[in-house]
2 protein chains.
Amino acid sequence: MKLSANEEYGMRCLVRIAYNAQGLTIPEMSQAEGVSPAYAAKILRVLRKGGFVKAARGKEGGYTLARPAENIVIGEVMDALGGKLFESDFCDSHSGQHAICTRSVDCSVRSLWRAVQVSVDQVLSKTTLRDLMQNEEEMNSFVRMIPGPNGLRVM
Amino acid sequence: MKLSANEEYGMRCLVRIAYNAQGLTIPEMSQAEGVSPAYAAKILRVLRKGGFVKAARGKEGGYTLARPAENIVIGEVMDALGGKLFESDFCDSHSGQHAICTRSVDCSVRSLWRAVQVSVDQVLSKTTLRDLMQNEEEMNSFVRMIPGPNGLRVM
DNA sequence: AGCAATCTTGACTAAAAAGTACGGATTAGC
DNA sequence: GCTAATCCGTACTTTTTAGTCAAGATTGCT
Ligand code: FES
Ligand code: FES
């Protein structure tokens, strides 16, 4: 259960763009993130296809947010970058004689995966790009208020 | 953010062993899970090295739990099978000029990853192998009581 | 129009993860 | 002590993911 390279770089690129209203070019992003221009381009492509950033070509071109940061939900970004942990068709694929995964209709392991997915979504669906445009301490306070009165004890 | 093959098969193998107090052999596991014996062996090795199961060699051999199911915390099993999503040294490795990931001491993205990790741990650290030895409905009820009064709305 | 800065795309290569193969070691039963 | 059933470890192959390359297309400037 790892963050993929796409997810890791993608999120950072998106935050950088959010901070640069005038636009960021591939060479600039490459420099900032310390990856090759070609790789930066590949990552930005995913973000563009996901509809989170838009690109302007030609001189004076570059990437900007496709919509205001507060309308960009991190859960959707993460889906575009790396997909869900557990999708409803997850259990359709595994073979073997299902004695625990009984006939795919009664399986406690599936229930566990679903619970983990829900738990992750609780954080990601409530966080927008705007929330990430603040310092770490502020972000920690924000996150402590998820999901309910109890919140997450992050620190 | 995907479950690795190790995590997926590893958890299922462990549950199967939990259900078979008399022990399960590699060929049996292979059959049950529909994977090659060699692959079943590889997965079981990880579980053994993690200290969750023990193996008996020779005729009449096979795998059994190393300790009672209620003492096996799923969070620890998942760590052994696939590692943490976010470890404290995660941010030491990424290069580039840190203007958002400012000098690695102030980064809202890191805070997000940490929050996701905490959220996952809230589920996994409270679940034991014993909890998985019940049907899906019972497991759902159990999981609804995590982490606090609010619980997870799984269904 | 011509040029330079920029994004776009698909194909390629490298690295990591998933899955296989095989020779070796241990144990129970005879 | 022999044999069959079992686990053990390493090295190999395949598949997936990560990362690179090169040729093309768009735009602003002069
Ligand atoms: S049915 Fe998918 S893990 Fe059991
Ligand atoms: S310091 Fe690691 S994501 Fe920012």
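Throughout, a chain's letter reflects where its sequence line sits, starting with A, and its residues are numbered from 1.
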Trainee: Counting the atoms with a prime plus P, OP1 and OP2 as sugar-phosphate, which does A5(B) contact under 4.0 Å by heavy atoms, base, sugar-phosphate, or nothing?
Mentor: sugar-phosphate
Trainee: Given dT20(D), dG28(D), dA4(D), identify the nucleotide with an atom nearest to the side chain of K42(A).
Mentor: dT20(D)
Trainee: Quick one: E28(B) CD to dC7(D) C1', roughly how many Å, whole number?
Mentor: 13 Å
Trainee: With a 6.0 Å cut-off (strictly less than), is the heavy-atom count around NZ of K54(A), excluding the residue itself, greater than 12?
Mentor: no
Trainee: Once you round it to whole Å, what is the distance between C1' of dA5(C) and NZ of K59(A)?
Mentor: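 About 6 Å, once rounded to whole Å.
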Trainee: Hey, which sits more toward the 5' end of DNA chain D by its nearest nucleotide, A38(A) or A56(B)?
Mentor: A56(B)
Trainee: Between dG19(C), dG19(D), dC7(D), which nucleotide has the shortest distance from any of its atoms to the side chain of A55(B)?
Mentor: dC7(D)
Trainee: Hey, are E33(A) and R16(A) close enough for a salt bridge, meaning a charged N less than 4.0 Å from a carboxylate O?
Mentor: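 Yes, charged N to carboxylate O under 4.0 Å.
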Trainee: Whole angstroms only, please: what is the CZ-P distance between R48(B) and dT26(C)?
Mentor: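 R48(B) atom CZ is separated from dT26(C) atom P by 13 Å.
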Trainee: R45(B) CZ to dA11(D) P: how many Å, rounded?
Mentor: 11 Å
Trainee: Flag the pair K2(A) and E7(B) as a salt bridge only when some basic side-chain nitrogen lies within less than 4.0 angstrom of an acidic carboxylate oxygen.
Mentor: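 No, no charged N to carboxylate O under 4.0 Å.
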Trainee: Measure from CD on E60(A) to C1' on dC3(C) and round the result to the nearest Å.
Mentor: 15 Å
Trainee: Testing the 3.5 Å rule here: is there a donor-acceptor pair between the side chains of D121(A) and Q117(A)?
Mentor: yes
Trainee: Looking across every strand, which nucleic acid part, if any, lies under 4.0 Å from I26(B) by heavy atom: base, sugar-phosphate, or nothing?
Mentor: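 Sugar-phosphate: the residue I26(B), judged by heavy atoms under 4.0 Å, touches backbone atoms but no base.
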Trainee: If the cut-off is 4.0 Å, is S36(A) near the phosphate of dT20(D), judged by side-chain N/O to OP1 or OP2?
Mentor: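 Yes, because at least one side-chain N or O of S36(A) sits under 4.0 Å from OP1 or OP2 of dT20(D).
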Trainee: Using whole Å, report how far CD1 of I43(B) lies from C1' of dC8(D).
Mentor: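 Distance check: I43(B) CD1 to dC8(D) C1' gives 16 Å.
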Trainee: So, for L85(B) and L3(A), which heavy atoms are closest and what is the spacing to 0.1 Å?
Mentor: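 What the structure gives for the nearest pair is CD1-N, 3.8 Å.
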Trainee: A41(B) near the nucleic acid: base, sugar-phosphate alone, or nothing, with a heavy-atom cut-off under 4.0 Å?
Mentor: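 No contact.
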Trainee: Tell me: CG of L3(A) to P of dA17(C), nearest whole Å?
Mentor: 14 Å
Trainee: What is the distance, rounded to the nearest whole Å, between atom OH of Y63(B) and atom P of dT6(D)?
Mentor: 12 Å
